[in-house]
Amino acid sequence: MTRLAPFTTRYAARGMVCTVDHLASSAGVAMLRAGGSAVDAAVASSAVLAVTSQHLCGMGGDLFALVHRRGDTAPEVLNASGRAGSGADPARLRAAGLTRIPRTGEIAAVPVPGCVDGWVALHERFGRLPLAEVLAPAIDYAGAGFPASPTLALSARRLHALGDPETADYTSGGELHPGDLVRRPGVARALGDIAAAGRAGFYEGEFGKGLLALGGGEYTDDDLASPNADWVDPLSVDAWGRRIWTVPPNSQGYLTLAGAWIASGLDLPDDADDPRWAHLLVEAARQAAFDRIEVLHERADGRALIAPERLARRRDAIDPGRAASIGGTFGEGGTMYMCAVDGEGTGVSLIQSNFQGFGSMLIVPGVRIFLQNRGSAFSLEPGHPAEYGPRRRPPHTLAPALVTDLDGRLDCVLGTMGGDSQPHILLQLLARRFVSDERPGEAIAAPRFVLMGDEPGAGTWDRRGTVRVVLEDTAPRAWVDGLATLGHDVVVARAWGGDFGHASMIATAGPALAGAADPRALGGSAAGW
């Protein structure tokens, strides 16, 4: 079988953390060694990533998590995604001639960030160590400095064109190179405020005051005082003899479940190099998601979206010998995924994001925290269920997943960055694990496809199911020829180009924990003890 690179599954006996940055993974393992829970490890790792990986995520973005404890039949699910400010005014944008919210330079693209609320809510419910101890590694890296990763150095080139003094953490020494030391003193202060005073230290402190000033009426004091972290009921489907769990809408996680349910009822080959394997998964993903733009919003009924009677019709529309004609039109990723499992069998599947790259390119002065552009996913169509408006949550690409057996025992935690591509990347990982019987390292390193519209990472479903199938150039030649013969619009792209996600997985079903962090991240690490 073709592989992206020589890559192996890592094993550990008492705990494991997988992230896109070895510094973050090491911080999480340090929490486990100190007697902390998997949630302590996840929050510590997430906080380090907010320092070292601002080009992917940070305290200016959102967070979702699933937590499964031994003995529970279902995970607990946290939605820490932000809401638009009370001053949100779609009429203002429409009067300016806009039909979509711009992704950069527009405050309407910035819901109140939920990431820090997510950390605090997770720690309050599941943490063992003091919050100050959990945040200490991140505070140290922000204050004393950390070496720039290859992906950060590459992404930071965008900042020079801004000419904004608030980008000085990355630009004051000229072009950033891998290994250059980066210090983020403002972020260190913000993290110290959280360690000392919890969420109030952040949302009512230097960051919150700066956000209010930057917003110019978009936000109110009450917007920042109201937590953006809600414990919600999970969604699940049964597929391949397992139960797959995710976050309900406003997350697009239902697409992972829908695709898995559809695919599990198809005659999927065991050999993932067979072009029919790719074809049937592409078709399952297309049938699951072609109406996403119409049905995904914060008030959507997630259970109705994955109801068997709804999905059975879509599965029946799949032709093993031809790409379906779905058709119809409507008038760089910025996310990180991490997972952790502790010695007691608690598993955490956590994802946080700016949405795209450095987000909106709006920066809270002083603390120099970049703000997400998740609000660009709102609609400006009057009356649309996802219309931009006060205190509303936008549709979200973040879609962490967790798998148990049918009796509720944890099987694995998994997720990926990748914008609109997250559900069909996860679908491939699930099929590799449960159909092709691959270990985490094999599944993570194997070639992938993503479905794409006019641009990477977003807008995939603007033309409903009329999408391109983009293959990594390491994919089997049989995929390239076979998918084209079956009627797919096939494009081959560079495997290391950044459009194929950075996935992680930890499996618990064997005698030891088995995990892998994606080599596509260039600095990822599966660390254990």
Report the C-alpha separation of V187 and I369 in whole Å, then their side-chain angles, then the decisive distance to 0.1 Å, and conclude whether the side chain to side chain contact (heavy atoms under 4.5 Å, CB included) test is met.
CA-CA 7 Å; V187 173; I369 292 173; 4.1 Å; yes
Exercise. Step by step, would you call T256 with T246 a side chain to side chain contact (heavy atoms under 4.5 Å, CB included)?
Worked result: CA-CA 8 Å; T256 306; T246 193; 5.5 Å; no
Does this structure show an ion pair linking [X] with [Y], if we count only N-O contacts that are shorter than 4.0 Å?
| X | Y | answer |
| --- | --- | --- |
| D40 | R128 | no |
| D230 | R83 | yes |
| D291 | R310 | yes |

Residues N79 and S81: side-chain donor-acceptor under 3.5 angstrom
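A pair is found: one side chain offers a donor N or O, the other an acceptor, under 3.5 Å apart.
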Would you kindly say whether R374 and T397 are connected by a side-chain donor-acceptor distance under 3.5 Å?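 Result is yes, a qualifying pair exists.
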- Would a 4.5 Å heavy-atom cut-off, applied to side chains only, mark Y337 and Q422 as touching?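 No; the side chains remain at least 4.5 Å from each other.
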* For the pair Y388 and F378, evaluate ring pair (Phe, Tyr, Trp, His ring centres under 6.0 Å) and give the outcome as yes or no after the intermediate values. => CA-CA 5 Å; Y388 169 61; F378 279 120; 5.6 Å; yes
By salt bridge (Lys or Arg N to Asp or Glu O under 4.0 Å), E218 pairs with (sequence neighbours left out) none
Report the residues that fulfil side chain to side chain donor-acceptor pair (under 3.5 Å) with R92, sequence neighbours left out, ordered by chain and then residue number.
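Side chain to side chain donor-acceptor pair (under 3.5 Å) check on R92 returns E106.
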For T167, the side chain to side chain donor-acceptor pair (under 3.5 Å) test, sequence neighbours excluded, returns T171
*asked:* Is the distance between the ring centroids of H396 and F64 under 6.0 Å?
replied: yes
- Query: For L162 and F358, what are the C-alpha separation, side-chain angles and deciding distance, and is it a side chain to side chain contact (heavy atoms under 4.5 Å, CB included)?
  - Reply: CA-CA 12 Å; L162 286 181; F358 283 95; over 6 Å; no
